[in-house]
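In listed order, ligands and their atoms are each counted from 1.
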Amino acid sequence: MEKGRLYGIGVGPGDPELLTLKALRLLRSCPVIAYQSAEDKASVARGIVAEYLPGNQIEVLYHLPRALDPLAAQPIYDEVVTPIADHLADGRDVAVLCEGDPLFYGSFMYVFTRLSEQYETEIVPGVSCPMGCASALKVPLSYRNDVFSVLPATLPAESLETQLLNADAAAIIKLGRHFEKVRNVLHQIGIASRARYIERGTMAEQRIIPLDEVKPDRVPYFSMILVPSKSQL
Ligand SMILES: C[S@@+](CC[C@H](N)C(=O)[O-])C[C@H]1O[C@@H](n2cnc3c(N)ncnc32)[C@H](O)[C@@H]1O
C-alpha cells in the first residue's frame, strides 16, 4: 500500500485571511488533519482555519507536555505522534496545522523530526508572528544592515540584556509569566520607550497596550514585544 504524505501547514498568526492559497487547498483536501493544543484548551491553529474545514475529515488532536526536561520528553513525544504515523502508514495524507510558520518555533517540528524520514513530507510556510505583529502595530522592523533578533522571554535577564544590546531590532516571544523580567530589562538598558507590546496579534481579540500599562499577571501566551529599528531610513 502506498504511504500517505505528511504536510506541515503554517496557518499564520491568527487572521484567517493570512493563509496561503496552498495551505487552504491542502487543509481542505487532506483526509486527516492534526493539530496540537494545551491539555485544557482548544487548538489555536484549528480555530484559525475552522471556517475553511469541509467537515468530513478525521481529526487528530495531540498534546505536547512542555515543562519536561528535553531528554525525558523524547519517549512521550514519540508516543504523541503515533496516531499521525498510523494514518500515514495506512495511506492517508495528514495535514498538521501549525500556528504561524511550522518551522519557526512550531509544534510541527516535533512531528517533522520523528516522521519526515519515513514519510514523504511537504511544508507550507506561514506568516510568522513577528511579521503579523509588526503589520498590526504598523512598525517597520529593520532597515539596511540592521540585525533583527528573535528572543524567547524565557532566557535569563542577563542573556536578554546582552542579546538586546547587540541587536538593532528584536521580537521577544513567549512572554507570559516572563513579562515583568523583560520589561525591567528594557528599562534597564534604556530602550523601553521604543518597545511595543501586542497580544493575540491579527486575531479577533487583538490588543495593543502601552508597555508600562500592561498588567504582568494578565499577559497571555500569545503576546510579544517588538523593538523596532532605531533607524528611520
Ligand atoms: C511557540 S511560538 C510559535 C511561533 C509560530 N510558529 C510563528 O511562526 O509565529 C509561540 C510564541 O509566539 C508568539 N506569538 C505567536 N502568535 C502570536 C500572535 N498572534 N500574537 C502575539 N504573539 C504571538 C508568542 O510570543 C508565543 O508565546
Stepwise, does the side-chain contact (heavy atoms from CB on, under 4.5 Å) test hold for Leu27 with Leu19? CA-CA 11 Å; Leu27 71 87; Leu19 197 67; 4.0 Å; yes

Go through the steps for Val81 and Tyr62 under the test side-chain contact (heavy atoms from CB on, under 4.5 Å), then give the verdict. CA-CA 8 Å; Val81 304; Tyr62 62 97; 5.8 Å; no

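Every atom of ligand 1 is numbered from 1 in the order shown, and the set under 4.0 Å from a heavy atom of Met203 is 19 (N). Remark: ligand 1 atoms within the under-4.0 Å shell around heavy atoms of Pro13 are 19 (N). Residue Asp101 approaches ligand 1 through these ligand atoms, each under 4.0 Å from one of its heavy atoms: 6 (N), 7 (C), 8 (O). Proximity to Gly100 (heavy-atom distance under 4.0 Å) selects the following atoms of ligand 1: 7 (C), 8 (O), 9 (O). Atoms of ligand 1 found under 4.0 Å from any heavy atom of Ser223, numbered from 1 in the order shown, are 21 (C), 22 (N), 24 (C), 25 (O). Close approach of ligand 1 to Ser128 (heavy-atom distance below 4.0 Å) involves ligand atoms 7 (C), 8 (O), 9 (O).
Considering only heavy atoms from C-beta on, Pro102 stays 4.5 Å or farther from Phe112 through its side chain.
Here's the thing with Ile173: none of its N/O atoms is less than 3.5 angstrom from an N/O atom of ligand 1. Polar contact with ligand 1: present for Gly201 (N/O pair, distance under 3.5 Å).
Lys230 has no carboxylate O lying under 4.0 Å from a charged side-chain N of Asp168, or vice versa, which leaves the two without a salt bridge.
The nearest protein atom to atom 10 (C) of ligand 1, hydrogens excluded, is given as Tyr221 OH, 3.4 Å; this is a heavy-atom distance. Counting protein heavy atoms only, atom 3 (C) of ligand 1 is closest to Tyr105 O, 3.4 Å. Nearest to atom 4 (C) of ligand 1 among the protein's heavy atoms is Phe104 O, 3.5 Å.
Exactly one of Val219, Leu211, Leu175 qualifies for a side-chain contact (heavy atoms from CB on, under 4.5 Å) with Val182. That residue is Leu175.
Among Pro125, Cys129, Ala153, Gly132, the residue whose heavy atom sits closest to atom 15 (C) of ligand 1 is Cys129.
The shortest heavy-atom distance from Cys133 to ligand 1 is under 4.0 Å.
Checked by atom type and distance alone, the side chain of Arg46 never pairs as donor or acceptor with a backbone atom of Leu61 at under 3.5 Å. At distances below 3.5 Å, not a single donor-acceptor pair connects side-chain atoms of Arg28 with backbone N or O atoms of Pro54.
For Lys22, the side chain to side chain donor-acceptor pair (under 3.5 Å) test picks out Glu122, with sequence neighbours left out. Residues satisfying the side chain to side chain donor-acceptor pair (under 3.5 Å) test with Glu120, not counting sequence neighbours, are Arg5.
Under 4.0 angstrom from ligand 1, the non-hydrogen atoms of Glu99 come from both its backbone and its side chain.
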